[in-house]
Participant: 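Take this structure first; my questions come after.
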Amino acid sequence: QVHLVESGGGLVQAGGSLRLACAASGLTFRIYAMGWFRQAPGKEREFVAAINWRGDNTNYADSVKGRFTISRDNTKNTVYLQMNMLKPEDTAVYYCAAVPYVGSLPRSDARSYSDWGQGTQVSVSS
């Protein structure tokens with residue numbers, strides 16, 4: 001059974017940084033495409049960033065380009081989201097998602113993913 005556990009969330013001032021991690025178990029991590037999504041109160045879940053199975057192709061939402069970086073360590077079964085220059089509008093619960101997929105393109109559609117973590121809260125104060 002696939003298990004995804006997010007960590008690294010918290011409260012930070014605008015302009016600050018956080019690094020989220022998603023530890024995966026119960027799967028052959030190296031053949032999984034991974035993604036980060038977020039959901040703010042009263043809003044739909046939205047795409048943030050995605051990375052392909054090899055880690056050599058990434059995709060970002062326009063709202064986070066240049067500020068966030070997704071990466072993965074296949075030796076640790078972990079995907080990361082480095083978030084810099086945080087803004088109050090980045091406040092949300094951040095979710096890690098996984099799907100077995102060895103295509104070159106990252107997956108930005110939430111419907112593409114088969115497994116989800118429980119989420120970690122990120123709060124950015126102004």
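Residue indices begin at 1 and follow the sequence shown. This is a predicted model, so every value here is computed, not measured.
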Participant: Given side chains that start at C-beta, do those of F68 and L86 come closer than 4.5 Å, heavy atoms only?
Facilitator: yes

Participant: Drop me the distance from L4's CG to C22's SG, to the nearest 0.5 angstrom.
Facilitator: 4.5 Å

Participant: Find out whether V93 and T120 are in side-chain contact, i.e. whether some heavy atom of one side chain is under 4.5 Å from a heavy atom of the other.
Facilitator: no

Participant: I'd like to know if I31 and L27 are part of one continuous hydrophobic network [Ile/Leu/Val/Met/Phe/Trp/Tyr, side-chain heavy atoms within less than 4.5 Å].
Facilitator: yes

Participant: At what distance, to the nearest 0.5 angstrom, does CG of L11 lie from CG of L18?
Facilitator: 9.0 Å

Participant: Do L20 and E6 make a side-chain contact, defined as non-hydrogen atoms from C-beta onward lying under 4.5 Å apart?
Facilitator: no

Participant: Does one side chain, of S123 or Q121, offer a donor that lies under 3.5 Å from an acceptor on the other?
Facilitator: yes

Participant: Check whether F47 and I70 end up in the same hydrophobic cluster, where Ile, Leu, Val, Met, Phe, Trp and Tyr are linked by side-chain heavy atoms less than 4.5 Å apart.
Facilitator: no

Participant: So, for S108 and N59, which heavy atoms are closest and what is the spacing to 0.1 Å?
Facilitator: CB-ND2, 3.7 Å

Participant: Quick one: does W53's side chain have a donor or acceptor within less than 3.5 Å of a partner on V102's backbone?
Facilitator: yes

Participant: Atom CD of residue position Q118 - does it have more than 12 heavy atoms of other residues, nucleotides or ligands inside 6.0 Å?
Facilitator: no

Participant: Taking only residues two or more places apart in sequence, or in another chain, which ones meet Y113 in a ring pair (Phe, Tyr, Trp, His ring centres under 6.0 Å)?
Facilitator: F37

Participant: Hydrophobic cluster membership, with links at side-chain heavy-atom distances under 4.5 Å among I/L/V/M/F/W/Y: are Y60 and V122 in one?
Facilitator: yes

Participant: Could you tell me if R107 sits above the aromatic ring of Y101, with its cationic atom closer than 6.0 Å to the ring centre and no more than 45 degrees from the axis?
Facilitator: yes

Participant: Does any part of the side chain of S114, heavy atoms only, come nearer than 4.5 Å to the side chain of P100, both counted from C-beta?
Facilitator: yes

Participant: Write down the atom of S126, the atom of A14, and the distance for their closest heavy-atom approach.
Facilitator: CA-CB, 4.3 Å

Participant: With rounding to the nearest 0.5 angstrom, report the CG to CD1 distance, N57 to I51.
Facilitator: 8.5 Å

Participant: Same hydrophobic cluster for Y80 and M85, using side-chain heavy-atom links shorter than 4.5 Å among ILVMFWY?
Facilitator: no

Participant: Sequence neighbours excluded, which residues qualify as salt bridge (charged side-chain N to carboxylate O under 4.0 Å, His left out) partners of K43?
Facilitator: none

Participant: Which value, rounded to the nearest 0.5 Å, describes the distance between F29 atom CZ and M34 atom CE?
Facilitator: 4.5 Å

Participant: Does R38 make a cation-pi contact with Y95 (under 6.0 Å, within 45 degrees of the axis)?
Facilitator: no

Participant: Just how far is it from atom OG of S7 to atom OH of Y94, taken to the nearest 0.5 Å?
Facilitator: 15.0 Å

Participant: Below 4.0 angstrom, N of the basic side chain to O of the carboxylate: do D90 and K87 qualify?
Facilitator: no

Participant: Check whether any side-chain N or O of S71 sits under 3.5 Å from a backbone N or O of L81 as a donor-acceptor pair, and report yes or no.
Facilitator: no

Participant: Answer whether the closest heavy-atom distance between the side chains of S17 and Q82 falls below 4.5 Å.
Facilitator: yes

Participant: Can you confirm whether N52 sits close enough to L105 that some side-chain heavy atom of one is under 4.5 Å from a side-chain heavy atom of the other?
Facilitator: no

Participant: To the nearest 0.5 angstrom, please state how far the CG atom of N77 sits from the NE2 atom of H3.
Facilitator: 13.5 Å

Participant: Taking side chain as C-beta onward, heavy atoms only, is N74 less than 4.5 Å from R72?
Facilitator: yes

Participant: How far apart are the closest heavy atoms of A92 and A40, and which atoms are they?
Facilitator: CB-N, 3.8 Å

Participant: Within 45 degrees of the ring normal and closer than 6.0 Å to the centroid, is that where the cationic atom of R45 sits relative to W116?
Facilitator: yes

Participant: Main chain of K76, side chain of T78: is a donor-acceptor contact present, judged purely on distance under 3.5 Å?
Facilitator: yes

Participant: V79 versus Y32: any side-chain heavy-atom pair under 4.5 Å?
Facilitator: no

